[in-house]
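As a basis for the values below, the full set of heavy atoms in this structure was taken, side chains included, without hydrogen atoms, waters or symmetry mates. Here, residue 1 is the first one in the sequence, and each next residue gets the next number. First listed ligand is number 1; within each ligand, the first listed atom is number 1.
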Amino acid sequence: MPNKITVLTGDYIGPEIMAAGLRVLEAVSKAGHFEYEATTMPFGGHAIDECGEPLPQRTIDECKNSDAVLLSAIGGPKWDAAPKRPEQGLLAIRQALNLFANIRPTEISPAMMQYSPLKKIEPVNFVIVRELTSGIYFGTPREQHADYALDTMRYTKAEIERVSRVAFQMAQHRNHRVTLVDKSNVLATSKFWRVVVDEVAKDYPDVELNYSYVDAASMKIISSPEQFDVILTENLFGDILSDEAAQITGSLGTIPSMSTGDQKPVLYEPIHGSAPDIAGQGIANPFSMINSVKMMLAHSFDRADLAERIGKAVDQVVADNIVTPDLGGKYGTKEVTDAVIKNL
Ligand code: ATP
Ligand code: MG
């Protein structure tokens, strides 16, 4: 059985960087004898145009039937007045595939250090595991009245346990450290997270667990990011910290992410949006999608060797200063992708 990948090409720069990612996937697969079958399905804005729905049922079915989903950014001004929003598709696909853990790496390799706003001497490499389907974004009651409003942060033991296991297992493949980020000096949900995570930690004796309050953690991401390996946190804190963490690498256009649940498929996508301001110009940074392909090969298909090959090729291209304008370069998406493929 070939490895099955569902491809959701996205809107605006989505298809431009997806094309780059798929070219790299094809090249590295040929070189490394990796067999796969990629099927493109409608999703997002162009799915609204084609079939009136941002997430058609047949796309859900195809995703469920595959090992991994590669997704590029969707939405944009074209659908501002549409009866349905492309972004509804994004929430719907997370729910349909039960993707409760969102993983975002922050990696500043020696080659990429020149683009970081941090003036660090050491390379940085940590991941944030964010709970994605519960917490204050989903809790009820949620009410707005004339003179007060309220939101509800609620977590069950099962919700904390399952995302914690993702973080601990990830740490076992990395540097064996998990930092639980919370606000347990104030919040009941945070105190509860500590109780549940302490319990889960007993199953992973080879992983060191420590704790940080979210305010302190946001400081440390700037001042001493090298101390982190895996950051585990709830939905709201993870949303904020992962944007902060992305920014210290220098460009939104380089960072991939992965969303995972109890079963297949795992979904991989760049963290940025569809960048309507630069669409059609051929200058979108393809690294975010190429890095998404890299992450997919390592995590869904157990091909760390191919992932490493891609990583090294990207580093070489960066070292040669063959980069797009968002990183201060003068090269286009295609030239950068060609250079990556040449270095594979
Ligand atoms: P969304 O709400 O979908 O997250 P956003 O408003 O956060 O979208 P993005 O689409 O992520 O915005 O774009 C933010 C800025 O980053 C834009 O100026 C865009 O051109 C730039 N950008 C995003 N992705 C890339 C990329 N791959 N290459 C170059 N520039 C990018
Ligand atoms: Mg955004």
Side-chain angles (χ1 to χ4, degrees), residues 8-24 43-48 54-55 70-82 84-94 102 104-107 112 114-117 128 130 132 137 235-236 238-259 267-295 310 314 317-318 321-340:
L8 310 174
T9 50
D11 306 313
Y12 289 97
I13 67 162
E16 301 173 30
I17 58 172
M18 180 62 83
L22 291 177
R23 282 183 61 211
V24 170
F43 179 64
H46 67 268
I48 294 178
L55 178 60
L70 257 189
L71 164 66
S72 204
I74 57 159
K78 185 178 174 202
W79 297 279
D80 275 351
K84 293 200 172 150
R85 308 272 314 147
E87 294 77 12
Q88 290 171 335
L90 219 43
L91 288 181
I93 201 170
R94 287 174 187 161
N102 178 247
R104 277 201 199 180
T106 288
E107 191 179 346
M112 282 298 288
Q114 58 176 313
Y115 300 113
S116 172
I128 295 178
R130 164 189 170 195
L132 198 59
Y137 292 172
N235 201 344
L236 167 67
D239 190 11
I240 300 167
L241 291 184
S242 59
D243 265 22
E244 183 194 8
Q247 215 42 53
I248 68 170
T249 66
S251 172
L252 225 53
T254 67
I255 305 169
S257 73
M258 151 179 152
S259 300
L267 184 146
Y268 300 85
E269 63 179 318
I271 66 158
H272 57 74
S274 62
D277 54 332
I278 59 162
Q281 300 175 33
I283 55 165
N285 190 339
F287 288 157
S288 57
M289 185 52 80
I290 292 171
N291 286 330
S292 299
V293 167
K294 171 184 152 186
M295 219 178 167
I310 294 176
V314 168
V317 166
V318 172
N321 290 311
I322 304 174
V323 294
T324 44
D326 57 305
L327 290 175
K330 59 180 188 325
Y331 295 90
T333 312
K334 182 167 180 306
E335 289 163 296
V336 172
T337 309
D338 288 344
V340 171

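- Closest of all the heavy-atom pairs between Leu55 and Gly89 is CD2-O, 3.9 Å.
- Contacts between Thr324 and ligand 1 below 4.0 angstrom, taking non-hydrogen atoms only, are absent altogether.
- For atom 8 (O) of ligand 1, the choice among Gly273, Pro325, Gly76 with the nearest heavy atom turns out to be Gly273.
- For ligand 1, the polar-atom distance check finds an N/O of Ala275 within less than 3.5 Å of one of the ligand's N/O atoms.
- Residue Asn285 touches ligand 1 through backbone and side chain together, judged by heavy-atom distances below 4.0 Å.
- Salt-bridge formation is detected for the pair Arg104/Asp243: a Lys NZ or Arg NE/NH1/NH2 atom is positioned less than 4.0 Å from an Asp or Glu carboxylate oxygen.
- Here is the list of ligand 1 atoms found below 4.0 Å of a heavy atom in Leu252: 11 (O), 14 (C), 16 (O).
- Between Asp277 and ligand 1, at least one pair of N/O atoms sits closer than 3.5 Å.
- Every residue meeting the side chain to side chain contact (heavy atoms under 4.5 Å, CB included) condition with Ile48, not counting sequence neighbours, appears here in chain and number order: Pro54, Trp79, Lys84, Pro86.
- Of the candidates Glu16, Gln281, His272, it is His272 that places a heavy atom closest to atom 24 (N) of ligand 1.
- If you number the atoms of ligand 1 from 1 as listed, the ones under 4.0 Å from a heavy atom of Ile13 come out as 26 (C), 27 (N).
- Which parts of ligand 1 touch Ala284 is read off a 4.0 Å heavy-atom cut-off, strictly below it: atoms 28 (N).
- Short contacts between ligand 1 and Gly253, defined as distances under 4.0 Å to a heavy atom of the residue, involve ligand atoms 26 (C), 27 (N).
- Not a single donor-acceptor pair under 3.5 Å links the side chain of Glu269 to the backbone N or O of Ser257.
- Contacts with ligand 1 closer than 4.0 Å are made by no heavy atom of Pro270, backbone or side chain.
- In terms of heavy-atom proximity, Ile248 sits nearest to Ala245 at CG1-O, 3.2 Å.
- Gly21 approaches Met289 most closely through the heavy-atom pair CA-CG, 3.9 Å.
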